[in-house]
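Reckoned from all heavy atoms, side chains included, excluding hydrogens, waters and symmetry mates. Chain letters run A, B, ... following the sequence lines, proteins first and then strands; every chain starts at 1. Only a predicted model underlies this, so the values are computations on that prediction, with no experimental measurement involved.
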Protein chains: 2
Amino acid sequence: MASALNETADRTIARPSGLAEEVYRRVRADIMSLKIPPDTRVSVDSLARELGVSQTPIREALSMLEANGLVSKRHFAGYATSPRMDRAQLDELFEFRLLIEPHAARKAAEAMADTDMRQLASGDTAPSHDAFADMDTEFHRLIAQGAGNHLIADSLARLHIHVHIFRSCFRSEITEEAVHEHDAIIAAIHARDGDKAEAAMRRHIERSYGRLRDFIKD
Amino acid sequence: MASALNETADRTIARPSGLAEEVYRRVRADIMSLKIPPDTRVSVDSLARELGVSQTPIREALSMLEANGLVSKRHFAGYATSPRMDRAQLDELFEFRLLIEPHAARKAAEAMADTDMRQLASGDTAPSHDAFADMDTEFHRLIAQGAGNHLIADSLARLHIHVHIFRSCFRSEITEEAVHEHDAIIAAIHARDGDKAEAAMRRHIERSYGRLRDFIKD
DNA sequence: AGATCAAATATCCTATAGGATTTTCGAAAT
DNA sequence: ATTTCGAAAATCCTATAGGATATTTGATCT
């Protein structure tokens with residue numbers, strides 16, 4: 001029975017970090033891919049049977065997801081994925097991004113490591129939706145990491161998960177604009193031009209906000 | 001002594017929200033009061049016996065604390081409180097605060113509710129260390145809340161916990177300066193002067209950073 | 001005295017069982 | 001047809017037991 005468990009044996013890191021962590025990643029991936037849609041109940045028992053583990057690691061993983069705002073718990077009523085962002089939440093999220101990411105882009109332009117720089121430039125234009133979403137996530141993650149501040153990187157990673165979910169809900173199209181805006185940011189960082197990188201990132205986020213805002217009416 | 005702990009007992013919602021939440025608040029309070037010092041092992045079994053509950057809610061609470069950066073887990077080695085901040089982490093934290101809090105102060109000056117405004121003005125000068133720490137936390141929390149952005153409020157609340165712990169480690173003195181800086185911010189917000197509130201908050205954080213930085217040599 | 005190795009201890013991790021509560025489904029009454 | 005009430009089902013919450021692992025302690029050897 002133990003041999004049947006390692007469904008992720010090849011991907012699992014060498015030092016196993018516990019079942020709870022594994023469950024956490026798995027459920028988070030399911031939420032991000034909309035396999036578990038927003039505002040949907042998540043049963044501890046069902047997950048335990050589906051993943052073939054006990055309830056304890058499921059419960060730990062859900063507690064971590066709750067702390068990250070991906071699910072919410074009601075006493076004696078179980079867990080449920082957070083409902084899709086409404087207009088007010090979208091506004092708050094982009095207000096926050098506008099505070100952080102332009103600054104991160106500036107610092108990245110000034111101090112980003114060369115290895116990360118090369119990785120940033122290797123971003124290919126992605127044809128499919130999923131590939132574009134992954135590329136976009138990786139793009140912003142690299143810049144946040146380049147800023148050299150773990151708090152910034154962690155905060156943005158957490159926010160981008162919600163942006164990803166929101167965009168997936170509306171099957172947002174791949175716009176040429178976004179790719180061009182990314183290119184402008186990459187060019188500014190490559191040129192080590194902090195002012196230009198900050199301005200390009202600010203413009204990118206504002207345009208991105210305008211594109212996403214249209215999907216919401218309430 | 002248990003009765004002295006429920007600082008929010010009268011504010012707590014009538015419907016009990018589960019043992020895990022209760023354990024979470026309790027352990028977080030113990031960490032913030034240095035009853036559990038930084039870099040100290042936290043035994044699930046001991047906590048279960050001490051609090052008189054089973055291991056499951058303890059485990060859930062520790063998972064949430066881990067997601068908030070207050071404890072860390074090593075596989076098969078148990079939980080431990082995070083080590084005290086070093087110089088690099090302090091720098092990162094205040095860089096982050098400088099990005100967020102001045103903006104929050106500006107928005108609070110422009111749009112804070114009158115009820116919150118009155119509560120902000122009622123801050124008394126606190127004689128003891130603990131009372132000052134609580135007042136400081138409440139001061140910044142009210143401003144973050146006044147900005148009307150939950151993400152800002154939550155992020156700052158999380159950061160202020162670490163500031164609180166760091167300051168408690170060094171029994172930092174109560175400075176007249178900090179009180180005066182607070183008063184300047186309050187005055188600016190009262191006058192609905194966004195520019196002045198932002199500048200006053202920025203100066204307060206920079207001075208606060210200077211006061212705390214001296215305690216660290218490495 | 002200091003270092004090395006092995007046994008014992010403490011702890012974590014997982015699994016299962018029982019009690020408590022919410023939700024849901026169906027029937028009856030208005 | 002809609003609403004209300006009650007019982008069944010599903011689910012969560014808590015507690016306890018057993019296997020696995022890291023840490024510690026003590027004795028032995030150099």
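- Atom-to-atom, NE2 of A/His75 to C1' of C/dT22 comes out at 11 Å; the value is rounded to the nearest Å.
- Nucleotide D/dC12 holds its C1' atom 10 Å from the CD atom of B/Glu60, rounded to whole Å.
- Shown here are the side chain to side chain contact (heavy atoms under 4.5 Å, CB included) partners of B/Ala113, two or more places apart in sequence or in another chain: B/Thr115, B/Asp116.
- Rounded to whole Å, atom C1' of C/dT11 lies 13 Å from atom CG of B/Leu47.
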Show the atom names and distances, to 0.1 Å, of all donor-acceptor pairs under 3.5 Å that link a side chain in residues 28-39 of chain A to residues at least two apart or in another chain.
| from | atom 1 | to | atom 2 | distance (Å) |
| --- | --- | --- | --- | --- |
| A/Ser33 | OG | A/Ala29 | O | 3.2 |
| A/Ser33 | OG | A/Asp30 | O | 3.2 |
| A/Ser33 | OG | A/Lys35 | N | 3.4 |

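- The closest side-chain donor-acceptor pair between B/His160 and B/Glu101 falls under 3.5 angstrom.
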Polar pairs (N or O, both sides) under 3.5 Å between protein and nucleotides 15-19 of chain D?
| from | atom 1 | to | atom 2 | distance (Å) |
| --- | --- | --- | --- | --- |
| D/dA15 | OP2 | B/Ser54 | N | 2.5 |
| D/dA15 | N7 | B/Ser54 | OG | 3.4 |

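- Pairs engaging residues 32-70 of chain B under the ring pair (Phe, Tyr, Trp, His ring centres under 6.0 Å) rule: none recorded [sequence neighbours left out].
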Evaluate B/His103 against A/Glu95 for side chain to side chain donor-acceptor pair (under 3.5 Å), listing each step before the verdict. CA-CA 10 Å; B/His103 175 82; A/Glu95 180 190 2; 2.8 Å; yes
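- Rounding to whole angstrom units, CD of residue A/Glu22 and P of C/dT14 are separated by 11 Å.
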Throw together a table of side-chain donor-acceptor distances under 3.5 angstrom for residues 47-57 of chain A, partners on residues two or more places apart or in other chains.
| from | atom 1 | to | atom 2 | distance (Å) |
| --- | --- | --- | --- | --- |
| A/Arg49 | NH1 | A/Asp45 | OD2 | 2.7 |
| A/Gln55 | NE2 | A/Asp45 | OD1 | 3.3 |

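- A/Lys73 pairs by the side-chain hydrogen bond (donor to acceptor under 3.5 Å, both in side chains) definition with nothing, not counting sequence neighbours.
- Take B/Ala178 and apply the side chain to side chain contact (heavy atoms under 4.5 Å, CB included) test, not counting sequence neighbours, and it matches B/Phe132, B/Thr175, B/Arg211.
- Place A/Ala77 and A/Ala20 on DNA chain C by their nearest nucleotides, and A/Ala20 ends up nearer the 5' end.
- For DNA chain D, no neighbouring residue in residues 62-71 of chain A is found when judged by any heavy atom under 4.0 Å.
- Distance CZ (B/Arg41) to P (C/dA10): 13 Å, rounded to an integer number of Å.
- When each of D/dC12, C/dC13, C/dT11 is scored by its nearest atom to the side-chain atoms of B/Tyr79, the top-ranked nucleotide is C/dC13.
- Distance CZ (A/Arg59) to P (D/dC12): 7 Å, rounded to an integer number of Å.
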Which atom pairs, donor and acceptor, lie under 3.5 Å between side-chain atoms of residues 60-67 of chain B and protein residues at least two apart or in another chain?
| from | atom 1 | to | atom 2 | distance (Å) |
| --- | --- | --- | --- | --- |
| B/Glu60 | OE2 | A/Arg59 | NH1 | 3.2 |
| B/Ser63 | OG | B/Arg59 | O | 3.0 |

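- Taking only side-chain atoms of A/Ser43, from C-beta outward, the nucleotide of D/dT11, D/dC13, C/dT11 with the closest atom is D/dT11.
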